[in-house]
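Worksheet: one structure, shown below.
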Amino acid sequence: MILFERAFQDYFGLLIPILIACGLIAYVRRNKPGLINNFIVAPFNKVQFKTVQKNLEERTNTILFWSAVFLQGVYINTLLLKSHNNIYLIYIIFFAFIFLKHFSLRLSPILFQKDLIFKDYYTSFLINVVNLGLFSLPVSITNVIYYNQMSQSQFQILNKIFIIFVLLYLLARIILMMMVGVKEKVSYLHIIVYLCTLEILPIVIISNFFDNY
């Protein structure tokens, strides 16, 4: 019993950053009612998509975005509770990847001279980051609270189901963005290079990581 409580306390602290992120999300919900619902529905509703896009620079959107990024980082942390990898390095790599993609999407309209399509793409990126962060929240809480009560196989099954859901979600987004690019007459070479470097390559890396996991 003592060993169980000690092991539990070692990773129970992960609930603290989760609660902080939840507090920020609650702040956003209180100050901008309906915003979170807009983000969740936006991938499937053009009106909601444009509503989110119109208010991209608002502080509540920025808070929601980085809270979601933080929740994704915490989720990765819960996956590596038994790992001997340097978790701080993983956090740095993860946040650097998000920042790099954020920066590249800001730069893309200048490079490709397609302002409208990359504005839509940037909006889609923000929406999907927020949604994946929100979707990861219940899984992260389950991973922490029931970590010692689930067998290793149950733990892996739960998280692999979620990872498959994430990959399918990202794949659907790639297809939709590719269709928009073709419709806007963007060069096929530009589409292929862009998708390979900033969409497909990360998915391959993530898939390979979790195959080994």
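Only this structure's heavy atoms are used, side chains among them; waters, hydrogens and symmetry mates stay out. We're numbering straight along the sequence, starting at 1.
Under the side-chain hydrogen bond (donor to acceptor under 3.5 Å, both in side chains) criterion, the residue pairs touching residues 15-31 are Tyr27-Arg59, with sequence neighbours excluded.
Taking CG of Asn143 as the start and CG of Leu158 as the end, the distance is 5.5 Å to the nearest 0.5 Å. Here Ile25 contributes atom CD1 and Leu137 contributes atom CG; the two are 6.5 Å apart, rounded to the nearest 0.5 Å. To the nearest 0.5 Å, atoms CG (Leu71) and CG (Asn77) are separated by 12.0 Å. Rounding to the nearest 0.5 angstrom, the gap separating the CG atom in Leu79 from the CG atom in Asn159 is 4.5 Å. For the atom pair Ile161 CD1 and Ile163 CD1, the distance stands at 11.5 Å (nearest 0.5 Å). Between the CD atom of Gln48 and the CG atom of Asn37 there is a distance of 8.5 Å, given to the nearest 0.5 Å.
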Checklist entry - Between Phe162 and Tyr75, does a side chain to side chain contact (heavy atoms under 4.5 Å, CB included) hold up when you go through it step by step? => result CA-CA 11 Å; Phe162 179 69; Tyr75 171 71; 3.4 Å; yes

Item to check | side chain to side chain contact (heavy atoms under 4.5 Å, CB included) assessment of Leu168 paired with Phe165 | outcome: CA-CA 5 Å; Leu168 290 175; Phe165 166 77; 5.9 Å; no

Checklist entry - How far apart are the C-alpha atoms of Leu126 and Asn61, what are their side-chain angles, what is the distance that settles it, and do they pass the side chain to side chain contact (heavy atoms under 4.5 Å, CB included) test? => result CA-CA 9 Å; Leu126 293 184; Asn61 285 359; over 6 Å; no

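Test Gln53, Lys54, Lys50 against Thr123 for side chain to side chain donor-acceptor pair (under 3.5 Å) and you get one pass: Gln53.
Judged purely by atom type and a 3.5 angstrom limit, Asn45 has no side-chain atom pairing as donor or acceptor with the backbone of Val41. Judged by distance alone, with hydrogens and angles left aside, the side-chain atoms of Gln154 form a donor-acceptor pair with the main-chain N or O of Ser151 at under 3.5 Å. With hydrogens and angles disregarded, a donor-acceptor distance shorter than 3.5 Å links the side chain of Gln72 to the backbone of Val129.
Taking all atoms of both residues into account, the shortest heavy-atom contact from Ser140 to Ile18 is CB-CD1, 4.0 Å. Heavy atoms only, all atoms of each residue included: Ala42 and Phe49 are closest at O-CB, 3.7 Å. When all heavy atoms of Tyr169 and Asn131 are compared, the pair lying nearest together is OH-ND2, 3.1 Å. Heavy atoms only, all atoms of each residue included: Val130 and Ala68 are closest at CA-CB, 3.5 Å. Scanning both residues, Val28 and Thr60, for their nearest heavy atoms gives CG2-O, 3.7 Å.
Side-chain contact between Ile127 and Asn38 is absent, with no heavy-atom pair separated by less than 4.5 Å. Side-chain contact check for Phe65 versus Phe39: every heavy-atom pair is 4.5 Å or farther apart.
No continuous path of hydrophobic side-chain contacts links Val69 to Ile20 [ILVMFWY only; heavy atoms under 4.5 Å]. A single hydrophobic cluster is not seen to contain both Ile164 and Val166; linkage of ILVMFWY side chains at heavy-atom distances under 4.5 Å, directly or through other members, places them apart. Hydrophobic clustering of Ile, Leu, Val, Met, Phe, Trp and Tyr side chains at less than 4.5 Å, counting indirect connections, unites Phe135 with Leu167. No chain of hydrophobic side-chain contacts below 4.5 Å, direct or via other Ile, Leu, Val, Met, Phe, Trp or Tyr residues, connects Ile76 to Leu19.
Judged purely by distance below 3.5 Å, without hydrogens or angles, the side chains of Thr51 and Asn55 never pair a donor atom with an acceptor atom.
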